[in-house]
Amino acid sequence: MTPTRLRECLDVLEWTLRELARRLKCDSGTIRQMGTGKRPVHESLAAWLEMLAAVHGTLSPELRDIARQLGCDQGRFVRYPRGMRPLTDEEAALLETLATIHAALPEPVGWESGRRRPEGLPEAAL
């Protein structure tokens, strides 16, 4: 994954490099270096971001806002949200899928929370 593609995925997710580091519970300097091309993006991180961007990319701006308010990016989904307009069956299905993916894969495969690199991957490989 190129730094440009990394930023494109983050734009779709409406995350900054700092937000990505926060979600991965890792050093923001490492993520910043990936964003500038000083470090390669690990393939599990790239695959995770591509998958999330693909799912988020199917949502309209309004649904992205609703998803953020519901906490779908934290694995939460409510079929009948209070204070929001009713969701159509199609919208509810999309948001439920989004929440399910975020709940199942809160971080990239092999990524160990709180560490600077995926489990078992030498520092030089990042």
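Atom set for the values below is all heavy atoms of this structure, side chains included, hydrogens, waters and symmetry mates excluded.
- Summarising the geometry of Pro3 relative to Gly35, their closest heavy-atom pair is CB-O, 3.2 Å, with the distance given to 0.1 Å.
- The CG atom of Leu20 sits 6.5 Å away from atom SG of Cys26, with the distance rounded to the nearest 0.5 Å.
- Using bins of under 30°, 30° to 60° and over 60° for the plane-to-plane angle, the ring pair Trp48/Trp15 lands in the tilted bin.
- Side-chain contact between Arg76 and Leu70: absent, with no pair of heavy atoms (C-beta onward) separated by less than 4.5 Å.
- Side-chain contact between Thr2 and Val41: absent, with no pair of heavy atoms (C-beta onward) separated by less than 4.5 Å.
- With values rounded to the nearest 0.5 angstrom, Arg64 atom CZ is found 8.5 Å from Leu13 atom CG.
- The same ILVMFWY cluster, assembled from side-chain heavy atoms under 4.5 Å apart, contains both Leu87 and Ile101.
- For Arg85 and Glu91, the salt-bridge test passes: some basic side-chain N is under 4.0 Å from an acidic carboxylate O.
- Residues Cys9 and Leu52 are not in side-chain contact: their nearest non-hydrogen atoms beyond the backbone lie 4.5 Å or more apart.
- Ion pairing between Asp27 and Arg32 fails under the 4.0 Å rule for side-chain N and carboxylate O.
- For His102 (side chain) and Asp73 (main-chain N/O), a donor-acceptor pair under 3.5 Å exists by modelled atom type.
- For the atom pair CG (Leu17) and CZ (Arg22), the distance works out to 14.0 Å, reported to the nearest 0.5 Å.
- Using a 4.5 Å heavy-atom threshold, the side chains of Leu10 and Thr16 count as separate.
- Taking all atoms of both residues into account, the shortest heavy-atom contact from Ser28 to Ala21 is CA-CB, 3.6 Å.
- In this structure, Ile31 CD1 and Thr36 OG1 are separated by 11.0 Å, a value rounded to the nearest 0.5 Å.
- There is no path of hydrophobic side-chain contacts, each under 4.5 Å, that joins Leu105 to Val12.
- Interatomic distance, Leu94 CG to Ile66 CD1, rounded to the nearest 0.5 Å: 11.5 Å.
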Met1 vs His42, side-chain contact (heavy atoms from CB on, under 4.5 Å): CA-CA, chis, key distance, verdict | CA-CA 8 Å; Met1 175 177 271; His42 187 266; over 6 Å; no
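- Heavy atoms from other residues, nucleotides or ligands lying under 6.0 Å from CZ of Arg5 number more than 12.
- Residues Leu98 and Thr58 are not in side-chain contact: their nearest non-hydrogen atoms beyond the backbone lie 4.5 Å or more apart.
- With rounding to the nearest 0.5 Å, the separation of NE2 in His56 from CG in Leu63 is 11.5 Å.
- Using a 4.0 Å cut-off between charged side-chain N and carboxylate O, Lys25 and Glu107 make no salt bridge.
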